[in-house]
Amino acid sequence: SIAGLRVTGIDTFRYPNRNVQNSALAFADNSVTTSSYFNNKPINIRGVIAVSGRELLDTQVDSLRQAIDGQNKVLKVIVENSYRLFNKCTVKNIALSNQAGGYIEFDIEFISAEPYSFNTTTTEVLNISNLTSGDKSYPVTFYGTATQVPIITYTLTSFTNGTNKTVTFIDPLNSRSLSVQRTWTAAEVLVIDNLNQTVKVNGTAVDFTGNFMSFATGANFINYTDDFST
């Protein structure tokens, strides 16, 4: 919606910033890394605004500043011929240069609080039907280069004795699990969104215990337990 604006470059491949903590070893001139956590990722967008005259240019620069104002916004950019989402983005700096009449170049540095980008569409990596046991383990492979935070959708169709029962999903490799205890009825749908950290039944938030799960790329397992009668 900004007249005369054209993006000339997108840099999304800079390595995320990382907090690394080293601790000295006793009686030695040496140390070990005791913690290493990503805390943000820079994304640079370059472009120009070319309009007919200085006054219109001033208006469009103001519009650009208004468009990128705000904190924890979603930045949607083209990466490798497809769209990616950078969540929780905030502008760190904007540099304006080479102004001449109605022409100006800009360089915007965004900081994403999350170190990775996400595809705009989800990919199904596991589909299980007709659970016949309350204690199952399923191998699953996650692709990509980033830590994966899946959406788990669980649909109840037929069971017995659903009063005050617990359904649990487990990440055995990292010793994490998430449980929902409630009185269940047929046709209910439980959705665990590990990215947005929500747990809902039929679209309504419910109480849960445990931790949200994230998985390294490659071979993993997702375990499932319940205490229904059948």
Side-chain angles (χ1 to χ4, degrees), residues 12-13 15-16 18 35-41 74 76-77 79-88 112-160 162 165-182 184-230:
T12 62
F13 296 107
Y15 197 68
R18 200 171 197 175
S35 65
S36 176
Y37 298 100
F38 293 118
N39 62 355
N40 63 62
K41 177 180 175 60
V74 176
K76 181 179 179 181
V77 298
V79 178
E80 297 176 344
N81 298 318
S82 64
Y83 284 104
R84 297 278 184 86
L85 300 180
F86 292 88
N87 296 318
K88 302 176 185 176
S112 171
E114 296 180 347
Y116 304 111
S117 62
F118 297 88
N119 288 333
T120 56
T121 58
T122 57
T123 300
E124 187 177 83
V125 294
L126 185 67
N127 190 325
I128 303 298
S129 299
N130 300 323
L131 286 164
T132 57
S133 170
D135 189 3
K136 291 285 189 178
S137 180
Y138 300 102
V140 58
T141 300
F142 291 102
Y143 300 96
T145 59
T147 300
Q148 300 296 299
V149 278
I151 298 171
I152 299 172
T153 302
Y154 170 76
T155 303
L156 279 167
T157 53
S158 177
F159 59 93
T160 59
K165 297 301 182 182
T166 302
V167 169
T168 303
F169 292 89
I170 304 164
D171 169 14
L173 297 183
N174 294 295
S175 300
R176 286 176 294 197
S177 65
L178 190 148
S179 299
V180 177
Q181 182 180 30
R182 57 184 273 113
W184 302 88
T185 59
E188 286 190 321
V189 179
L190 166 68
V191 177
I192 301 170
D193 187 338
N194 290 284
L195 173 61
N196 296 302
Q197 299 195 347
T198 60
V199 179
K200 298 180 179 181
V201 173
N202 298 336
T204 301
V206 296
D207 293 333
F208 65 93
T209 57
N211 303 101
F212 290 100
M213 290 172 279
S214 59
F215 297 84
T217 56
N220 289 269
F221 286 88
I222 293 180
N223 294 359
Y224 162 84
T225 65
D226 66 50
D227 54 0
F228 298 128
S229 294
T230 59

Is there a side-chain contact between L178 and N211, using heavy atoms and a 4.5 Å cut-off?
-> no

Side-chain contact, heavy-atom cut-off 4.5 Å: V149 with E114?
-> no

Are Y83 and F118 close enough, and set up right, to give a side chain to side chain contact (heavy atoms under 4.5 Å, CB included), and what steps lead you there?
-> CA-CA 9 Å; Y83 284 104; F118 297 88; over 6 Å; no

Report the C-alpha distance between F221 and F215 in whole Å, list the side-chain angles of each, state the deciding distance to 0.1 Å, and finish with yes or no for ring pair (Phe, Tyr, Trp, His ring centres under 6.0 Å).
-> CA-CA 9 Å; F221 286 88; F215 297 84; over 10 Å; no

Applying side-chain contact (heavy atoms from CB on, under 4.5 Å), name anything that partners [X], two or more places apart in sequence or on another chain.
X: Y143; value: T141
X: I152; value: F169, I192, N194, M213
X: V74; value: L85, N87
X: A146; value: Y116, Q148

Is a side-chain donor-acceptor pair under 3.5 Å present for R18 with N39?
->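 Side-chain D/A pair, N39 to R18: absent.
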
Would you please say whether a donor-acceptor pair under 3.5 Å links the side chains of N223 and S137?
->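 Short answer, yes.
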
Which heavy atom in S214 sits nearest to a heavy atom in N174, and how many Å separate them?
-> O-ND2, 4.0 Å

Considering all heavy atoms of both residues, which atom of G218 and which atom of N220 are nearest to each other, and what is their separation?
-> O-ND2, 3.0 Å

Pairs involving residues 190-214, ordered by first then second residue, that meet ring pair (Phe, Tyr, Trp, His ring centres under 6.0 Å) (sequence neighbours left out) |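 Those involving residues 190-214 are F208-F212.
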
Is the count of non-hydrogen atoms from other residues, nucleotides or ligands lying under 6.0 Å from Y138 atom OH greater than 12?
-> yes

Crowding at NZ, K88 (>12 non-hydrogen neighbours, <6.0 Å) |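 No, the 6.0 Å shell around NZ holds no more than 12 heavy atoms from other groups.
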
What residue pairs, at least two apart or across chains, pass salt bridge (Lys or Arg N to Asp or Glu O under 4.0 Å) with a residue in [range]?
range: residues 209-225; result: none
range: residues 204-230; result: none
range: residues 186-205; result: R182-E188

When rounded to the nearest 0.5 angstrom, what is the spacing between OG1 in T168 and CD1 in I170?
->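 Between atom OG1 of T168 and atom CD1 of I170 there are 6.0 Å.
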
Drop me the distance from R84's CZ to K76's NZ, to the nearest 0.5 angstrom.
->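 Reported to 0.5 Å precision, the distance equals 13.5 Å.
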
Which residues pass the ring pair (Phe, Tyr, Trp, His ring centres under 6.0 Å) test with F13, sequence neighbours left out?
-> none

Using the side chain to side chain contact (heavy atoms under 4.5 Å, CB included) rule, take V167 and W184 through it: C-alpha gap first, then chi angles, then the decisive distance, then the call.
-> CA-CA 10 Å; V167 169; W184 302 88; 3.9 Å; yes

Got a list of side-chain donor-acceptor pairs under 3.5 Å for residues 153-160, not counting sequence neighbours?
unit_1	atom_1	unit_2	atom_2	d
Y154	OH	Y224	OH	2.8
T160	OG1	T230	N	3.2
T160	OG1	T230	OG1	2.6

Does R176 have any salt bridge (charged side-chain N to carboxylate O under 4.0 Å, His left out) partners at least two apart in sequence or in another chain, and if so, which?
->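 For R176, the residues satisfying salt bridge (charged side-chain N to carboxylate O under 4.0 Å, His left out) (neighbours in sequence not counted) are D171.
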
Only counting residues at least two apart or in another chain, list the ones meeting salt bridge (charged side-chain N to carboxylate O under 4.0 Å, His left out) with K136.
-> none

